[in-house]
Amino acid sequence: MALKQLYSLPESLLTIEAQSVHQLVSEPTLFHLQGKQTEPLFISVLLHGNETTGFLALQKLLNKYTDQELPRSLSFFLGNTEAASQGVRRLSQQPDFNRIWPGTEMMPCNETEMASEIVSIMQDKKVFASIDVHNNTGINPHYACVNKLDNQFLQLATLFGRLVVYFIRPKGVQCGAFAEICPAVTLECGKPGRPYGVDHAFEYLDSCLHLSALNENPVNAHDIDIYHTVAQVKIRPGVKFGFEHTEVDFVLDKDIERMNFTEICAGTQFGLLANKAKMPLSVINENGEAVTDQFFSIVDNRLQIVKNTMPSMLTLNTTVIEQDCMCYLMEKIKQ
Ligand SMILES: [Zn+2]
């Protein structure tokens with residue numbers, strides 16, 4: 001499967017809705033546009049089809065430069081337009097487009113080949129920096145993620161805001177692959193469909209296009225709150241779960257989203273278990289080791305956290321919980 005590349009914009013890309021891009025760009029496509037500084041900024045959007053903020057911010061950026069020269073060359077990747085046409089993260093037969101990149105633990109397939117082709121094309125073009133734009137489903141603040149604790153990465157991240165998350169797992173994410181060749185961040189822009197998210201991402205992308213170089217000095221400690229993702233929490237396959245007391249093994253509390261980016265204490269409850277139900281969660285640390293008992297316990301029929309921590313990405317969307325995970329657990333990195 002050869003990767004599709006285009007060197008000009010179909011005009012209607014400037015106005016089309018994210019759900020209709022598939023009619024115009026029917027397969028994942030890499031675009032290249034010339035700008036004043038030759039080393040391109042790389043932006044990927046719609047790796048998850050229902051996360052439209054990145055596409056809308058990119059569209060706003062392209063509109064701004066229709067009749068003026070780009071300050072820097074721009075390469076951008078429109079990812080899963082097919083899933084976008086259906087308003088979902090991915091179609092059930094597709095891999096997750098943010099787990100297919102070099103470093104992935106997935107078996108090789110067309111999509112992993114495509115992703116490594118993109119990285120090598122961008123490496124040949126001496127990519128300046130990489131930005132992958134996402135949304136959350138739960139209530140989360142805006143933040144940037146990095147896969148390396150490097151000054152230039154943290155400078156790039158804090159241009160978006162003071163909240164930064166450092167993680168090395170899951171593997172196979174876009175920003176993990178690009179971290180090997182240039183400063184790279186993932187933006188998490190809150191829930192899709194919020195104009196503030198689009199404006200914030202647009203302003204950020206435009207600022208990055210105007211950078212002549214990335215500052216190599218450390219970020220001032222007053223300007224950054226950085227958290228390290230220490231564990232990923234999944235619900236074990238086969239466990240019936242939900243938010244209502246119906247025929248399920250595990251009833252999650254309906255207000256779990258409020259714990260995102262909040263420091264919670266040992267003993268905080270996440271949900272209730274049916275009689276004699278076993279541990280419904282599987283927790284792995286950043287080395288991929290099972291560490292469920294270090295984080296959760298069952299007291300009577302209550303599922304509790306056993307140490308102080310800070311969750312992110314908790315959501316009420318059961319499809320996302322199934323397709324991705326229940327949440328991540330973080331610790332603050334002292335600067
Ligand atoms: Zn996403």
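These numbers come from a predicted model, not from an experiment. Numbers here are sequence positions counted from 1. For ligands, and for the atoms within them, numbers begin at 1 and follow the listed sequence.
- Look at Glu51 and the Zn ion (ligand 1): an N/O/S atom of the residue is under 2.8 Å from the metal.
- Using a 3.5 Å distance cut-off with no hydrogens or angles, the side chains of Asp96 and Asn98 do not pair a donor with an acceptor.
- Using the six-membered ring where Trp is involved, Phe77 and Trp101 have ring planes that are perpendicular, over 60° apart on the 30 and 60° scheme.
- The Zn ion (ligand 1) sits nearest to atom ND1 when only the N, O or S atoms of His48 are considered.
- For His134, the N, O or S atom with the smallest separation from the Zn ion (ligand 1) is ND1.
- The cationic group of Lys60 lies under 6.0 Å from the six-membered ring centre of Phe202 and within 45° of the ring axis, placing it in a cation-pi geometry.
- Checked against Val127 for a side chain to side chain contact (heavy atoms under 4.5 Å, CB included), the options Ile121, Ile181, Leu41 give a single hit: Ile181.
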